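Take a look at the structure set out below.
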Amino acid sequence: QVHLVESGGGLVQAGGSLRISCVASGSTFSIKAIGWYRQAPGKQRELVVSGGSSTDYADSVKGRFSISRDNAKNTVYLQMNSLKSEDTAVYFCKASTWYRDYWGRGTQVTVSS
C-alpha cells in the first residue's frame with residue numbers, strides 16, 4: 001500500500017507563488033513515478049505534470065510550474081509561480097506502481113484576482 005498526503009494549498013493572490021507537497025508513505029519502494037493532477041469545479045481531472053525520469057507539463061502551466069522531489073523525505077513538490085485564477089483547483093498527486101495507481105485526497109489551491 002502507498003499512502004499519499006498533499007499539503008500546502010491555500011489562498012493566494014494572482015501573480016503569487018505557492019509550493020504544495022505530496023508526502024508518500026508505505027511501500028514507497030514500489031513507486032515508479034509521482035505526478036500532479038488538478039480538478040476544478042465542473043471540470044475533468046487534468047494532468048498538471050507527469051512524474052518520473054522525464055516530465056511533461058500541461059501547456060497551461062509550462063514555464064510557471066515545476067516539479068521536484070526530496071527522496072530523503074519521500075516528498076514531491078509542485079512549485080507554482082505566476083498563479084492565475086484559472087489555476088484554482090484541487091491538486092492531487094498520483095503515484096504509479098506496478099500494481100495500481102494511488103491518489104492523495106488533494107489540497108485546495110485558490111487564486112484570487
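It should be emphasised that the depicted structure is a prediction, and the values quoted were computed from it without experimental measurement.
- Judged as a side chain to side chain contact (heavy atoms under 4.5 Å, CB included), and not counting sequence neighbours, the contacts of Ser17 are Gln79, Asn81.
- Lys43 approaches Gln39 most closely through the heavy-atom pair O-NE2, 3.1 Å.
- Pairs passing the salt bridge (charged side-chain N to carboxylate O under 4.0 Å, His left out) check and including a residue from residues 96-113, sequence neighbours excluded, read Lys94-Asp101.
- With sequence neighbours left out, the side chain to side chain contact (heavy atoms under 4.5 Å, CB included) criterion links Ser7 to Ser21.
- With sequence neighbours left out, Gln108 forms a side chain to side chain donor-acceptor pair (under 3.5 Å) with Thr110.
- Remark: Arg64 pairs with Asp87 by the salt bridge (Lys or Arg N to Asp or Glu O under 4.0 Å) rule, at least two apart or across chains.
- Screening residues 65-84 for salt bridge (charged side-chain N to carboxylate O under 4.0 Å, His left out), with sequence neighbours left out, gives no hits.
- Taking all atoms of both residues into account, the shortest heavy-atom contact from Ala89 to Ala40 is CB-N, 3.8 Å.
- Contacts classified as disulfide (SG to SG under 2.5 Å) and involving residues 1-94 (residues at least two apart or in different chains) are given here: Cys22-Cys93.
- Val12 belongs to a hydrophobic cluster whose other members, connected by ILVMFWY side-chain contacts under 4.5 Å either directly or through intermediates, are Val2, Leu4, Leu18, Ile20, Ile31, Ile34, Trp36, Val48, Val49, Tyr57, Val61, Phe65, Ile67, Val76, Leu78, Met80, Leu83, Tyr91, Trp98, Tyr99, Tyr102, Val109, Val111.
- Here Ser30 contributes atom OG and Gln1 contributes atom CD; the two are 9.5 Å apart, rounded to the nearest 0.5 Å.
- Scored by the salt bridge (Lys or Arg N to Asp or Glu O under 4.0 Å) test, Glu46 finds Arg38 as partners (sequence neighbours excluded).
- For residues 47-59, every residue pair satisfying the salt bridge (charged side-chain N to carboxylate O under 4.0 Å, His left out) rule, not counting sequence neighbours, is listed here: Asp59-Lys62.
- Every side chain to side chain contact (heavy atoms under 4.5 Å, CB included) that Ser113 has, sequence neighbours left out, goes to Ala14, Ser85.
- The other residues sharing a hydrophobic cluster with Val90 are Tyr37, Leu47, Phe92, Trp103, where clustering joins ILVMFWY side chains under 4.5 Å apart.
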